[in-house]
Amino acid sequence: MTHTILVTGGAGFIGSNFVHMLAELRPEARVVNLDALTYAGNLENLEPVAKLPGQRFVHGDITVPEDVERAFAEARALGGALSVVHFAAESHVDRSIQSGAPFVTTNVLGTQVLLDASRRHAVQKFVHVSTDEVYGSLGETGFFTEETPLAPNSPYSASKAGSDLLVRAAVHTHGFQACITRCSNNYGPYQFPEKFLPLMIANASEGRPIPVYGDGLYVRDWLYVRDHCEAILAVLERGRAGEVYNIGGNNELANLVLVRQVLAALGKPESLITFVKDRPGHDRRYAIDASKIRRELGWTPRFTFAEALPETIRWYAQHAGWLQRVRSGAYRDYYARQYGSA
Ligand code: NAD
Ligand code: TYD
């Protein structure tokens, strides 16, 4: 049976990795990718798959019902069962501290617009990609489970929690077939270099200082993006509607430890570490209990940090042009060059 998957935010970091993975693991699936191409969206990320049959790109905004309708029309035209995987979001905590309103617009309003259209188009399964940050911060011990109360601390995580609650409401009120996934910090190819790992790889490669917030002892659980994408596919295909699934990498590291590993891998001196003013409201520690998705769907991370970190560092070295175009802003000309003014 044919299957069409409407992906939102597929020109971003995780979305583009997901689209690549679909082309590899589910080549028969058709993909419609709805993306507004904000500063974080980069069509170059899709170059490896863009020309494959069954791949469509729709330039549009999830907060604009007409744009969402265009994407659904494209998906309906491809035929078969229809599902949605929703990545599109404003995703960077530091930007949300500077200005929260775009986060509410895209993450909260955009999710509702998408839910309304998905119900109208009788979508069979909707996967909402969320974050462990909705649970707030942990002390030195313990893990987030799916039952941990929501206690978001940043405008970003508060807007993601808002979107999670709207998905929950659609399930409860309308019997909508949706799952929510909450994952830890991703790393891997195509990550926008405002996030810590690509930022430190880019700076270290150029011998520039690496800004470490506060005492550098903040802990994150690092998840390889390919593992995350495979977990989302498992939820899409086998997740129980109405359920939340936590996804983690079993790989907690303090920021300073991570920086030192990257510097060592690149053969750069620790003197590049520069302590800077802390992020306001900085969550101390995130850690995920991913036993539910392991038990119910048989998913567990396949990649160890020891193999995936060097692989990631290698990817950025081999894609110096990509990194340079993203850092200089030149990637934004790509759409015009490739597609004219369409
Ligand atoms: P990203 O910032 O790299 O990409 C976001 C994509 O969404 C971009 O392509 C952008 O153009 C698009 N977009 C933004 N606003 C839009 C709008 N209004 N309409 C249509 N498209 C729009 O983000 P990412 O890191 O790939 O994250 C993807 C999802 O995963 C997000 O929902 C994020 O909250 C969640 N998440 C990310 C991480 C992580 O470590 N990166 C961790 C947990 C959860
Ligand atoms: P980030 O990649 O922004 O992800 P998140 O805030 O969603 O976890 O940051 C990861 C960690 O690195 C977080 O503790 C903040 C810290 N950090 C720095 O120390 N320096 C930086 O320049 C950035 C961007 C983040």
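Residues: numbered from 1 along the sequence shown. Just so it is clear, the values below take in all heavy atoms, side chains as well, and ignore hydrogens, waters and symmetry mates. One-based numbering, in listed order, for ligands and for the atoms of each.
Within the 4.0 Å heavy-atom criterion, the part of Asn185 lying near ligand 2 is the side chain and not the backbone. The residue Arg182 has no part lying near ligand 1, judged by heavy-atom distances below 4.0 Å. By the criterion of a heavy-atom distance under 4.0 Å, the backbone of Asn185, and not its side chain, is placed next to ligand 1. Both the backbone and the side chain of Phe196 come within 4.0 Å of ligand 2, judged by heavy-atom distances. Using a 4.0 Å cut-off between heavy atoms, Glu133 contacts ligand 2 through its side chain alone, with no backbone atom that close. Of all the heavy atoms of Asn107, none lies under 4.0 Å from any atom of ligand 1, so neither backbone nor side chain is involved.
Atom 22 (O) of ligand 2 has Pro211 O, 3.4 Å as its closest protein atom, hydrogens excluded (heavy atom only). The protein heavy atom nearest to atom 16 (C) of ligand 2 is Asn255 ND2, 3.4 Å.
Gln112 and Asp116 share a side-chain donor-acceptor pair at under 3.5 Å. When only modelled atom types and interatomic distance are considered, Ser91 and Lys195 share a side-chain donor-acceptor pair under 3.5 Å. Looking only at atom types and distance, the side chain of Asn45 has a donor-acceptor partner in the side chain of Trp322 under 3.5 Å away. Remark: the Glu90 side chain and the Tyr156 side chain contain no N/O donor-acceptor pair separated by less than 3.5 Å.
Below 4.0 Å from some heavy atom of His92 lie the following atoms of ligand 2, by number and element: 3 (O). Atoms of ligand 2 lying under 4.0 Å from any heavy atom of His282, numbered from 1 in the order shown and given with element: 13 (C), 14 (O), 15 (C). Heavy-atom contacts of Tyr218 reach the following atoms of ligand 2: 14 (O) (cutoff under 4.0 Å). The contact set between ligand 1 and Lys160, taken as ligand atoms under 4.0 Å from a residue heavy atom, comprises 31 (C), 32 (O), 33 (C), 34 (O).
The nearest non-hydrogen atom to atom 19 (O) of ligand 2, considering only Tyr213, Phe275, Tyr187, comes from Tyr213. The option from Tyr187, Tyr156, Phe103 that lies nearest to atom 36 (N) of ligand 1, judged by heavy atoms, is Tyr156. For the residues Glu194, Arg279, Lys195, the heavy atom positioned nearest atom 3 (O) of ligand 2 is part of Arg279.
Grouped by direct or indirect side-chain proximity (heavy atoms under 4.5 Å, Ile/Leu/Val/Met/Phe/Trp/Tyr only), Tyr213 sits with Val276.
Not a single heavy atom of Phe192 sits under 4.0 Å from any atom of ligand 1. Proximity of Thr8 to ligand 1 is not established, as no heavy-atom distance is less than 4.0 Å. The closest approach between Gly60 and ligand 1 falls below 4.0 Å for a heavy atom of the residue. Residue contacts with ligand 1: Ser16 is excluded, as none of its non-hydrogen atoms falls under 4.0 Å. The closest approach between any non-hydrogen atom of Cys183 and ligand 1 is below 4.0 Å.
Between Arg260 and Glu270, at least one side-chain nitrogen of the basic residue sits less than 4.0 Å from a carboxylate oxygen of the acidic one, meeting the salt-bridge criterion. A salt bridge between Lys160 and Glu133 is absent, with no side-chain N of the basic residue lying under 4.0 Å from a carboxylate O of the acidic one.
A cation-pi contact, defined as under 6.0 Å to the ring centre and within 45° of the axis, is absent between Arg279 and Tyr218.
Between Arg220 and ligand 2, an N or O atom pair is found at a separation short of 3.5 Å.
Of the listed residues (Trp315, Phe13, Tyr224), just one forms a ring-ring contact (aromatic ring centres under 6.0 Å, His included) with Tyr187, and that residue is Tyr224.
Val68 is not connected to Phe57 by any chain of hydrophobic side-chain contacts under 4.5 Å among Ile, Leu, Val, Met, Phe, Trp and Tyr, and they are in different clusters.
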